[in-house]
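What follows is a set of notes on a single structure, which appears directly below.
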Amino acid sequence: MESKLHIYNTLKRKKELFVPLNPPYVGMYVCGPTVYGEPHLGHARPAITYDILFRYLKYSGYKVRYVRNITDVGHLESDADEGEDKILKKARLEQLEPMEIVQFYTNSYHDKMRELNTLPPSIEPHASGHIIEQQEMVQKILDNGFAYEKNGSVYFDVEKYNKKFQYGKLSGRVVEDLQSNTRDLDGQDQKKNAFDFALWKKAEPEHIMRWPSGWSEGFPGWHLECSVMSTKYLGEKFDIHGGGMDLLFPHHECEIAQSTAANGEEAVQYWMHNNMITIDGQKMGKSLGNFITLDELFSGDHKLLEQAYSPMTIRFFMLQAHYRSTLDFSNEALQAAEKGLNRLFAALETLKKLKTSEKSSFDVQALKQRCFDAIDDDLNTPILFAHLFDGVKYINSVAAGTESISASDLDELKKLYHDFVFEIGGLKDESGIASGGENKLDELMEILLNTRLEAKKNKDFATSDKIRNQLSEAGIVIKDTKDGSEWELK
RNA sequence: GGUCACGUGGCCGAGUGGCUAGGCUCUGGUCUGCAAAACCAGCUACAGCGGUUCGAAUCCGCUCGUGACCUCCA
């Protein structure tokens, strides 16, 4: 299997040719959501980014195991000792069992991801289901001398680790700088250094989610779950680890430290980071309170939204920007995406009906090559779609009779669009444009359109317009072409 | 304060030493009974100031502005 895919490796700060450790197998791990709230637009970014990667790797013939976790424990509200667990806090507020919260928002996350047409991961492990494994890794790190216990809690010894390995290599941070720049937080007097992080926390009496251990009755530190579950399902060394840029430090840095401290060598070959969605130039985030949930986007029920936006509009909107760039939310941009997507789908319908000629007036092979070059260049989907829109122009021109296409090129072009739009791009036509199937609606429409055509021939425009207008009110748009009329659902 | 990004036309957003990005919008035209769609054409930008170069939006420096991370966040 020959891959031409290059991906930007955050660790090396450059694009590298992707070479799997054990082809044809590829292991990829992506940080999933902390299920304590409704999934928002920000969650869609990594989900779609790594979905494209997953789809493209599979398309290329790799056997991919895609692991995406659900964080349902151990995620502290703050790093301070009295910090509350996010899941727990919400549970207390709503008088529900913590696992009830977890289940509710996990379900919601799954629903929204399905609507965005992201493929489910191969394995979706929960942190709470891997407490034993997490304890084992804590013990391993303790045994290797890179952690210490204090009052029932276990902390990672960053300073000691940094003497043998390099802490901060992913984020470009230097331990000495961290020392002077880490903010003062309450309750960290137990730690040797402010930048040490918790592997195991002793639970305060009011803490509901707790598990017994040799150190204390408590719960695991947040960073631990990803190291543990990636190792368990992908091995001590695996290919790709993805996540949002905001997780780069400290989360991913700590993951590297934990895995290296436990296993003696680094686990991840390629680190990938998607950028943030912004709103008015500011990061959209839970803590900033400026987020829009996917539910609100799909329904249009939010004060900032001028209309509802379909899941595919959201998906296409994201694909029109590169995953490593920030993407600014606005109604205008989303509406532009919606129209552009409609134009693309309309061209795909046109593509089905094109008439072939002896020769093509356009180089379909070159277009195909440009598409592959784009996706191989660190998943450059905006360029990919720019090329696909060049093809749209060509398709429409063939339909208009100003360009021509050969039968073999037509087959090639159909496959090209099928592969890149649906299979790799993960878009689906939800507009209800008739897909050529023979059903009652098609028959009905044919009768109506023929009646209208007759009226037009007889110059009875009152009748023809009446049919068009009433259909339009019913959500069916008529387009007159040289060879008759076409229709589509709006 | 430290570290790192970024600043592109009306909007979104690629590119990164010489060759049209693309989408949306707008204007004019073709087609059409009229529309819609489509096609053709136009509007042609790279924060500012210096420098390197035959040539810079692209490299270097400075200035201004914005953002991310440094605390939980996709």
Side-chain angles (χ1 to χ4, degrees), chain A residues 13 30-34 36-37 39-50 71 75-80 83-86 168 171-174 177-178 180-183 185 195 222 242-251 253 273-278 281-288 291 316-317 320-322 324-344 346-347 350 374 377 380-390 392-393 395-397 399-403 456 459-461 464-465 468-469 472 477-482 486 488:
Chain A
R13 302 197 179 267
V30 173
C31 290
T34 302
Y36 67 110
H40 57 77
L41 188 54
H43 289 105
R45 192 93 194 261
I48 290 169
T49 297
Y50 301 110
T71 298
H75 202 157
L76 292 178
E77 191 92 307
S78 82
D79 205 30
E84 287 182 283
D85 190 295
K86 280 189 169 172
S171 58
R173 267 157 238 263
V174 182
D177 293 345
L178 282 172
S180 52
N181 285 314
T182 305
R183 293 186 197 178
L185 293 166
F195 46 69
W222 170 43
M245 259 180 198
D246 50 349
L247 298 178
L248 214 154
F249 189 88
H251 184 56
E253 200 69 75
H273 290 91
N274 62 276
N275 216 318
M276 303 290 107
I277 301 285
T278 59
Q282 256 210 328
K283 175 180 158 183
M284 187 178 282
K286 187 89 180 164
S287 55
L288 295 164
F291 66 97
F316 185 64
F317 172 63
Q320 279 199 303
H322 190 262
R324 282 190 290 112
S325 300
T326 55
L327 175 59
D328 201 52
F329 160 87
S330 73
N331 281 287
E332 223 179 344
L334 277 166
Q335 282 158 15
E338 183 178 55
K339 284 178 186 166
L341 184 60
N342 283 338
R343 183 153 166 258
L344 178 65
T350 306
D377 184 14
N380 199 328
T381 52
I383 292 288
L384 169 65
F385 280 96
H387 293 320
L388 291 176
F389 273 104
D390 284 342
V392 164
K393 202 171 207 177
I395 289 166
N396 288 331
S397 294
T402 54
E403 301 268 5
K456 276 175 67 178
K459 304 265 182 208
D460 179 9
F461 298 123
S464 68
D465 285 355
R468 185 173 64 193
N469 292 340
S472 175
V477 179
I478 303 293
K479 294 182 202 169
D480 289 342
T481 66
K482 283 192 182 118
E486 289 177 2
E488 65 181 52

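Source: prediction; values computed, not measured. Proteins come first, then strands; the chains are lettered A, B, ... in the order of their sequence lines, and each starts at number 1.
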(message) For a quick test of reading the model: is some side-chain N or O of A:Asn396 closer than 4.0 Å to OP1 or OP2 of B:C39?
(response) yes

(request) Rounded to the nearest angstrom, tell me the gap between atom CG in A:Leu327 and atom P in B:G22. (result) 20 Å

(request) Measure the distance from NZ on A:Lys393 to P on B:U20 and round it to the nearest whole Å. (result) 13 Å

(request) Round to the nearest Å and state the distance from A:Gln335 atom CD to B:G10 atom P. (result) 20 Å

(request) Considering just the side-chain nitrogens and oxygens of A:Arg343, establish if one lies under 4.0 Å of OP1 or OP2 belonging to B:G23. (result) yes

(request) Could you tell me which residues satisfy salt bridge (charged side-chain N to carboxylate O under 4.0 Å, His left out) with A:Arg468, sequence neighbours excluded, listed by chain and number? (result) A:Asp465

Check nucleotides 15-18 of chain B for protein N or O atoms closer than 3.5 Å to its own N or O atoms and list the pairs.
residue : atom : partner  : partner atom : Å
B:G15   : OP1  : A:Asn380 : ND2          : 3.2

Write down the protein N/O and nucleotide N/O pairs, taken from nucleotides 45-48 of chain B, whose separation is under 3.5 Å; answer none if there are no such pairs.
none

(message) Taking only side-chain N and O atoms of A:Thr34, does any of them lie within less than 4.0 angstrom of OP1 or OP2 on B:A74?
(response) yes

(request) Mind calculating the distance between CG (A:Leu334) and P (B:C11) to the nearest angstrom? (result) 17 Å

(message) Only pairs with both distances under 3.5 Å count, Watson-Crick or wobble alike; so what is the partner of B:U30 in this structure?
(response) B:A38

(request) Please confirm whether any donor atom in the side chain of A:Asp480 sits under 3.5 Å from an acceptor in the base of B:A35, or the reverse. (result) yes

(request) May I have the distance from A:Leu384 (atom CG) to B:A21 (atom C1'), rounded to whole angstrom? (result) 13 Å

(message) Between C1' on B:A68 and NZ on A:Lys283, what's the gap in Å once rounded to a whole number?
(response) 7 Å

(request) Would you mind pulling out the nucleotide paired to B:C6, Watson-Crick or G-U wobble, both distances under 3.5 Å? (result) B:G65

(message) Does A:Arg13 contact B:C4 through a side-chain donor or acceptor facing the base, at a distance under 3.5 Å?
(response) no

(request) Mark this stacking check for A:Phe385 against B:G23 as yes or no, applying ring centres under 5.5 Å and ring planes under 30°. (result) no

(request) Return yes if the base of B:G33 and the side-chain atoms of A:Asp465 contain a donor-acceptor N/O pair under 3.5 Å, otherwise no. (result) yes

(request) Check every strand shown and say whether A:His40 touches a base, only sugar-phosphate, or nothing at a heavy-atom separation below 4.0 Å. (result) base

(request) Starting from C1' on B:C69, measure out to CG on A:Leu248 and report it in whole angstrom. (result) 8 Å

(message) Can you say whether a donor on the side chain of A:Arg468 sits under 3.5 Å from an acceptor on the base of B:A36, or the other way round?
(response) no

